[in-house]
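One structure is given here, and the rest of the page talks about it.
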Amino acid sequence: MPPADHPDYRFTLANERTLLAWLRTGLALVAGGVAVAEFAPDLGVAWGSAAVAVALVLTGLGAAVGGYVRWRRNEQAIVTDRPLPSSRVLPALVAAVAAVLVVVAVLVGVEVLRG
């Protein structure tokens with residue numbers, strides 16, 4: 001049994017699982033960027049595929065780094081028995097993915113109209 005002043009291990013393990021989810025999301029975004037670069041070489045315009053691929057890879061990097069920063073801050077709060085800090089990571093990730101989706105939609109529209 002852990003000492004009375006030690007936080008419940010379940011909180012630490014849940015925090016770790018959340019970090020792993022952020023890392024999986026980052027890897028999925030990077031894989032999506034690689035797939036776009038490889039399988040959609042001319043997405044609407046000559047630079048479209050490269051722009052989307054780079055945006056996805058950078059968003060994946062942001063998700064991984066942001067997840068790690070969030071994990072560290074949450075872990076510190078758990079250990080010191082403070083409320084969990086708010087995070088800007090999730091809104092930033094949602095905004096980045098939404099921006100990429102809008103660009104992809106426009107580029108696909110251009111591709112279809114050129115058809």
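As a basis for the values below, the full set of heavy atoms in this structure was taken, side chains included, without hydrogen atoms, waters or symmetry mates.
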- Note on the structure: Residue set satisfying salt bridge (charged side-chain N to carboxylate O under 4.0 Å, His left out) with R10, at least two apart, ordered chain then number -> D8

- What salt bridge (Lys or Arg N to Asp or Glu O under 4.0 Å) pairs are there with at least one residue in residues 75-98, not counting sequence neighbours? none

- What pairs meet the ring-ring contact (aromatic ring centres under 6.0 Å, His included) rule with one or both residues in residues 88-115, with sequence neighbours excluded? none

- Message: How long is the straight-line distance from OG1 of T18 back to CH2 of W71, given to the nearest 0.5 Å?
- Response: 12.0 Å

- Query: Cluster question for you: counting only ILVMFWY and a side-chain heavy-atom cut-off of under 4.5 Å, with indirect links fine, are V54 and L29 together?
  - Reply: no

- Note on the structure: In this structure, CG of L90 is separated from CZ of R70 (nearest 0.5 Å) by 6.5 Å

- Message: So which atom in R73 and which in P85 form the shortest heavy-atom distance, rounded to 0.1 Å?
- Response: NH2-CB, 3.3 Å

Show which side-chain atoms of residues 56-67 pair as donor or acceptor with protein atoms under 3.5 Å away, not counting sequence neighbours.
{"residue": "T59", "atom": "OG1", "partner": "A55", "partner atom": "O", "Å": "2.7"}

- Euclidean distance, R24 CZ relative to L27 CG, rounded to 0.5 Å: 9.5 Å

- Task: Report yes if some heavy atom in the side chain of F11 is under 4.5 Å from a heavy atom in the side chain of N74; otherwise report no.
- Result: no

- Query: Mind checking whether L107 and V112 sit in one hydrophobic cluster, side chains of I, L, V, M, F, W, Y counted as touching below 4.5 Å?
  - Reply: yes

- Task: Could you state whether V104 and V30 fall into the same hydrophobic cluster, counting links through intermediate Ile, Leu, Val, Met, Phe, Trp or Tyr residues with side-chain heavy atoms under 4.5 angstrom apart?
- Result: no

- Query: Could you give all pairs that pass the ring-ring contact (aromatic ring centres under 6.0 Å, His included) test and reach residues 88-115, with sequence neighbours left out?
  - Reply: none

- Query: Would L20 and L23 satisfy side chain to side chain contact (heavy atoms under 4.5 Å, CB included), going step by step from the backbone distance to the final call?
  - Reply: CA-CA 5 Å; L20 294 174; L23 293 176; 4.3 Å; yes

- Report whether V94 and V100 are members of the same hydrophobic cluster (ILVMFWY, side-chain heavy atoms less than 4.5 Å apart, transitive linking). yes

- Would you kindly confirm whether V52 and V34 end up in one hydrophobic cluster when ILVMFWY residues are joined by side chain heavy atoms under 4.5 Å apart? no

- Query: Given the rule in the side chain to side chain contact (heavy atoms under 4.5 Å, CB included) test, do V89 and W22 qualify, once you have shown the distances and angles that lead to the verdict?
  - Reply: CA-CA 10 Å; V89 175; W22 281 100; 3.3 Å; yes

Show me the donor-acceptor pairs within less than 3.5 Å that the side chains of residues 36-47 make with the rest of the protein, sequence neighbours left out.
none

